[in-house]
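Read through the structure below, which is laid out as structure tokens, and then see the notes.
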Amino acid sequence: MQEKVVFKLDVFDERIKQRAMKVVCDFPGVTLIDVKEKGKLKVSGEFDKFQMTKKLKKIYKYVDIIALEHDGEPKKNPDPVKKPEPIVKKAPSFRRWKIGFF
């Protein structure tokens with residue numbers, strides 16, 4: 001089953017980033033890698049996410065799984081519940097008020 005995993009990888013050294021990318025690319029079952037966002041590594045495919053985390057921790061000590069999503073099944077959005085609009089009372093008109101002593 002296809003899974004999408006987002007790893008938190010806050011690395012500022014290019015050499016460590018390249019080594020992490022090489023580990024992810026060589027891992028069997030990986031189909032898609034996305035590193036567009038800073039500090040996040042998105043990996044998609046059929047692989048063992050815990051083994052990948054273990055290998056990434058050998059390169060960089062602080063690696064965490066942020067999000068986990070199954071790609072195979074589409075997301076089902078429930079029908080949005082329509083909230084009734086609140087009843088707004090109009091303010092009384094000032095024309096009917098008698099102002100002054102005339």
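What's counted below: heavy atoms across the whole structure, side chains too, no hydrogens, waters or symmetry copies.
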Exercise for the section: Applying side chain to side chain contact (heavy atoms under 4.5 Å, CB included), name anything that partners Gln18, two or more places apart in sequence or on another chain. Expected result: none
Exercise for the section: Taking salt bridge (Lys or Arg N to Asp or Glu O under 4.0 Å) as the test, write out the residues that go with Lys22, two or more places apart. Expected result: Asp26
Exercise for the section: Quick one: list whatever passes salt bridge (Lys or Arg N to Asp or Glu O under 4.0 Å) with Lys49, sequence neighbours left out. Expected result: Glu3
Problem - Gap separating the CZ atom of Phe27 from the CD1 atom of Ile33, nearest 0.5 angstrom - result: 11.5 Å
Exercise for the section: Give a yes or no on whether Phe47 and Leu41 share a hydrophobic cluster (residues Ile, Leu, Val, Met, Phe, Trp, Tyr; joining criterion: side-chain heavy atoms under 4.5 Å apart). Expected result: yes
Exercise for the section: Taking Thr31 for its side chain and Ser44 for its backbone only, find out whether a donor-acceptor pair lies under 3.5 Å. Expected result: yes
Fill in the blank from the handout: CE (Met21) and CG (Leu9) are apart, to the nearest 0.5 Å, by 10.5 Å
Problem - Stepwise side-chain contact (heavy atoms from CB on, under 4.5 Å) test for Leu32 and Val43 - result: CA-CA 6 Å; Leu32 180 74; Val43 183; over 6 Å; no
Please list, one pair per line, the donor and acceptor atoms closer than 3.5 Å that link side chains of residues 58-68 to other protein atoms, with sequence neighbours excluded.
| residue | atom | partner | partner atom | Å |
| --- | --- | --- | --- | --- |
| Tyr60 | OH | Asp10 | O | 2.8 |

Practice task
Tell me, please, which residues at least two apart from Lys40 pass salt bridge (Lys or Arg N to Asp or Glu O under 4.0 Å).
Solution key: Glu37
Handout entry: Residues that Lys17 engages under side-chain hydrogen bond (donor to acceptor under 3.5 Å, both in side chains), provided they are two or more places apart
Key = none
Completion exercise
When rounded to the nearest 0.5 Å, the distance separating NZ of Lys55 from CG of Asp48 is 11.0 Å
Handout entry: Leu56 reachable from Val30 in the ILVMFWY side-chain graph, under 4.5 Å edges
Key = yes
Handout entry: Phe7 and Lys42: CA distance, side-chain angles, deciding distance, side-chain contact (heavy atoms from CB on, under 4.5 Å) verdict
Key = CA-CA 6 Å; Phe7 292 101; Lys42 294 180 183 178; over 6 Å; no
